[in-house]
2 protein chains.
Amino acid sequence: MAATNTASDSPVSSAGIAAALSRAIHEHRLAPGTKLGEDDLSDIYGVSRTIVRAALQSLAHQQVVEIKRNRGAFVAQPSLTEAHEVFEARELLEPRTARSAALRAKPADIDVLQAHILQEHSALDAGDRGRALFLSGQFHLEIARIAGQQTITDMVNVLIARSSLIIALYWRRESALCESQAHHALIKAIADKDGDRAEELMQSHLVDLHSALNLHEMPAVVQDLKQMLLSGDSG
Amino acid sequence: MAATNTASDSPVSSAGIAAALSRAIHEHRLAPGTKLGEDDLSDIYGVSRTIVRAALQSLAHQQVVEIKRNRGAFVAQPSLTEAHEVFEARELLEPRTARSAALRAKPADIDVLQAHILQEHSALDAGDRGRALFLSGQFHLEIARIAGQQTITDMVNVLIARSSLIIALYWRRESALCESQAHHALIKAIADKDGDRAEELMQSHLVDLHSALNLHEMPAVVQDLKQMLLSGDSG
DNA sequence: TACTTATTGATTGTATACAACAATGCGCAC
DNA sequence: GTGCGCATTGTTGTATACAATCAATAAGTA
């Protein structure tokens, strides 16, 4: 319960508390497995447990928090399987979404994306790795928003939040790939309205992220690909 | 509040009530816009409003129910835009999922799918259109389950529930396309382990469903395709 | 008669009290 | 000394009471 905001100017609605917790988790200020006691939270935010419970249930629905019956709420700890699934789902959604974004982006959208990268850089310069990670997620979210599909944006939003937990658990130090490189390239493709390239870049970016994790099981999609190749044709 | 179960053997947990309501909505026993009063529901299910509220919030998170502050909960009424988005999201997720299912399906899975179709037929024979619609959705869900990706299955589940609302609002009588035809063909492709064909069939099945709706706006994806073709290449 | 406004009724939002359950620590027996 | 069982304590689950808000209706005036 260390790093959350104190009660001073804190939000007092269920949604506000959920957002604050979500962000704290996203920025790795709350580690996976951390207990989120209802009394603690209601003290911190100055509301009753009723409100806190609503916030926790909302987060549980996004699978960012796990509620164990009669045991309480904890920051979720995605399994290896879940980790694979989340990135496989992102690989299914985000590349085509990046294509749409490239085709629909207006100049103002490009500006927003570039502003995101700048913030990301300054966070890294300030050594705030958590904030940089959060901003990196927001970059992906912004692309979905530009694509103009709220439903897909919502799904991506949840997947990004879960990705943050996965990175907290399974990131390996060796792989220090620089995100901003990939993000810069994406912005260029989108600014050029090059849908093909945006889709490709997003796909390979996600594959890079996925493979930068310490996940030793073979993911289901790879099994499918293997079987697909063995049965003798390509999609 | 007409067609829900009476209190006799009703579920008493938040999840149970959410499931019962979800199913009633899915089967068109509760029309879009229907008020879901907390007192009414707590009387019907014999639990306090606390439990009912949790169930309603859960359904609201799936966008099957809309909660208006200080006004109460209503069965959702998806807008035209939402309707398009839901089917576009399904077109993004389900075809590739059907491919995976074809590659991973075991004999027992095929049996389950065929059992689904049989139930669907008997529901239609009994004139229970709502139940047939529900079962049709479950068929799609079962395919996602066979593909073995819980995360994607969850997303598809939500999209199917919302689709049911969209069909209630925007289905046009003229289009009496027979779902079971398409479902039969899908089973065959899956049984043959023909991933390509399963993907194709699912794609065209979803396009058929989408175009059988009374949606006169031009969807975003079509705009993208148009612009993509104009800029001179194919994905 | 039409329009505004105040009162009333009903419904939701929030807090709190109590019940049920799990975890912990102590004591006792082996 | 170790293992088991029980009591205690703390936390969550549920119900209910009260406050706040909104919708509807009725009264009053132009």
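Just so we're on the same page: letters track the sequence lines, and every chain starts at 1.
- Comparing dT11(C), dA15(C), dT12(D) by their nearest atom to the side chain of Arg53(A) picks out dT12(D).
- The side chain of Glu38(B) has dG13(C) as its nearest neighbour among dA17(C), dG13(C), dT14(C).
- At a cut-off of 3.5 Å, with distance as the only test, no side-chain donor of Glu66(A) or Gln77(A) sits close to an acceptor on the other residue.
- In this model, a donor atom of one side chain and an acceptor atom of the other lie less than 3.5 Å apart for His140(A) and His205(A).
- Taking side-chain N and O atoms only, Thr50(A) has no distance below 4.0 Å to OP1 or OP2 of dT14(C).
- Residues Glu91(B) and His210(B) have side chains that bring a donor and an acceptor to within less than 3.5 angstrom of each other.
- Between the C1' atom of dA20(C) and the CD1 atom of Ile51(B) lies a distance of 13 Å, rounded to the nearest Å.
- Counting heavy atoms from C-beta on, the side chains of Leu118(B) and Gln114(B) never come closer than 4.5 Å.
- Of the residues in residues 57-72 of chain B, those lying under 4.0 Å from DNA chain C by heavy-atom distance are Arg69(B), Asn70(B), Arg71(B), Gly72(B).
- Side-chain atoms of Glu88(B) and Gln149(A) include a donor-acceptor pair closer than 3.5 Å.
- Per the geometry, CG belonging to Leu41(B) stands 17 Å off C1' belonging to dT14(D), to the nearest Å.
- Per the geometry, CG belonging to Leu56(B) stands 10 Å off P belonging to dG13(C), to the nearest Å.
- Distance, Asp39(A) CG to dA15(C) C1': 13 Å, rounded to whole Å.
- Considering only the side chain of Arg49(B), dT12(C) comes nearest among dT12(D), dT12(C), dA15(D).
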Show me the donor-acceptor pairs within less than 3.5 Å that the side chains of residues 156-164 of chain A make with the rest of the protein, sequence neighbours left out.
from	atom 1	to	atom 2	distance (Å)
Arg162(A)	NH1	Gln63(A)	OE1	3.3
Arg162(A)	NH2	Glu82(A)	OE1	3.2
Ser163(A)	OG	Arg90(A)	NH1	2.8
Ser163(A)	OG	Leu159(A)	O	2.8
Ser164(A)	OG	His26(A)	O	2.9
Ser164(A)	OG	His28(A)	NE2	3.3

